[in-house]
Amino acid sequence: MDCLFCRIARKEIPAKIVYEDGLVLAFEDVNPQAPVHVLVIPKKHISTSLEISDKDDALIGYMVQAANKIARERGIAERGFRMVMNCNKDAGQSVFHIHMHVLGGRLLQWPPG
Ligand code: 5GP
Ligand code: ZN
């Protein structure tokens with residue numbers, strides 16, 4: 001499939017991988033917006049959060065657990081961090097394979113803009 005993140009998951013495009021198992025992949029965002037900016041993706045292609053189905057419930061929970069694991073490993077769990085999943089145009093989604101941004105290492109503003 002001609003999807004950027006599917007291609008990263010298949011190792012056709014290089015990325016700085018920070019975590020991988022059978023279900024998910026996590027890698028450094030190429031344009032980091034915070035000292036820690038990692039993307040967690042399911043290996044399964046799902047284009048937007050609106051396409052998440054009942055049978056994906058465990059997978060999405062697993063993505064959250066992977067994000068928590070990364071936050072702990074990077075030492076930002078206690079201070080705080082943010083998980084973000086943008087959906088469609090107004091939210092600024094630019095890659096249509098769902099991904100959870102894990103952002104931290106600085107004070108994050110709210111509202112996010
Ligand atoms: P979105 O805007 O869809 O929520 O987030 C897409 C993210 O993917 C952006 O933060 C962008 O910097 C990142 N990104 C886009 N292309 C690549 C790439 O080829 N490699 C990596 N590592 N990150 C990418
Ligand atoms: Zn994909």
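Reckoned from all heavy atoms, side chains included, excluding hydrogens, waters and symmetry mates. Ligands are counted one by one from 1 in listed order, and the atoms in each one are counted from 1 as well.
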Considering only the protein, which heavy-atom contact is closest to atom 11 (C) of ligand 1, and what is its distance?
D29 OD1, 3.4 Å
Which heavy-atom pair separates A9 from L25 by the least distance, and what is that distance?
CA-CD2, 3.7 Å
Of the non-hydrogen atoms in R106 and P35, which two are nearest, and what is the gap between them?
CG-CD, 3.8 Å
Examine ligand 1 and decide if any of its atoms is less than 4.0 Å from a heavy atom belonging to F5.
yes
Run the contact test for M85 against ligand 1 with a 4.0 Å cut-off on heavy atoms, strictly below, and give the result.
no
Taking every non-hydrogen atom, the tightest pair across M63 and V40
CE-O, 3.4 Å
Identify the two heavy atoms, one from I98 and one from P42, that lie closest to each other, and give their separation to 0.1 Å.
O-CD, 3.3 Å
So for N86 against ligand 1, with non-hydrogen atoms under 4.0 Å, the contacting part is side chain
Under 4.0 Å from a heavy atom of H101: give me the atoms of ligand 1 that qualify, with their elements.
1 (P), 4 (O), 5 (O), 7 (C), 10 (O)
Specify whether H37 and H101 have parallel, tilted or perpendicular ring planes, treating 30° as the upper limit for parallel and 60° as the lower limit for perpendicular.
tilted
Below 4.0 Å from ligand 1: does a non-hydrogen atom of V84 turn up there or not?
no
In H45, the N/O/S atom nearest the Zn ion (ligand 2) carries the name ND1
Would A15 count as a contact of ligand 1 if the rule is a heavy atom under 4.0 Å away?
no
Rounded at 0.5 Å granularity, tell me how far CG in L108 sits from CZ in R82.
4.5 Å
Any salt bridge linking R7 with E12? Criterion: basic side-chain nitrogen under 4.0 Å from a carboxylate oxygen.
yes
The answer for which part of S94 has a heavy atom under 4.0 Å from ligand 1 is both
Atom 1 (P) of ligand 1 sits nearest the protein heavy atom H99 NE2, 3.1 Å
At what distance is the nearest protein heavy atom to atom 22 (N) of ligand 1, and which residue and atom is it?
E28 O, 2.9 Å
By number and element, which atoms of ligand 1 are closer than 4.0 Å to a non-hydrogen atom of Q93?
3 (O)
Heavy-atom distances under 4.0 Å are what count here, so tell me which part of I8 touches ligand 1: side chain, backbone, both or neither.
side chain
Three-point angle C6:SG, the Zn ion (ligand 2), H97:ND1, rounded to the nearest 10°:
100°
For N31, the atoms of ligand 1 under 4.0 Å from one of its heavy atoms are 12 (O)
Do N68 and M83 come within less than 4.5 Å of each other through their side chains, counting heavy atoms only?
yes
Connected-component partners of W110 among ILVMFWY, side-chain separation under 4.5 Å
none
Using non-hydrogen atoms of the residue, decide whether K16 is closer than 4.0 angstrom to ligand 1.
no
Between NZ of K89 and OG of S94, what distance do you get to the nearest 0.5 Å?
14.0 Å
Taking NZ, NE, NH1 and NH2 as the nitrogens, is one of them in R10 or E20 under 4.0 Å from a carboxylate oxygen of the other?
no
Give me the residue, atom name and distance of the protein heavy atom closest to atom 23 (N) of ligand 1.
V30 N, 3.3 Å
For atom 16 (N) of ligand 1, the protein heavy atom that lies nearest, with its residue and separation
L4 CD2, 3.3 Å
If we only count N/O pairs under 3.5 Å, is I13 in contact with ligand 1?
no
G22 and K43: which non-hydrogen atoms are nearest, and at how many Å?
O-CD, 3.5 Å
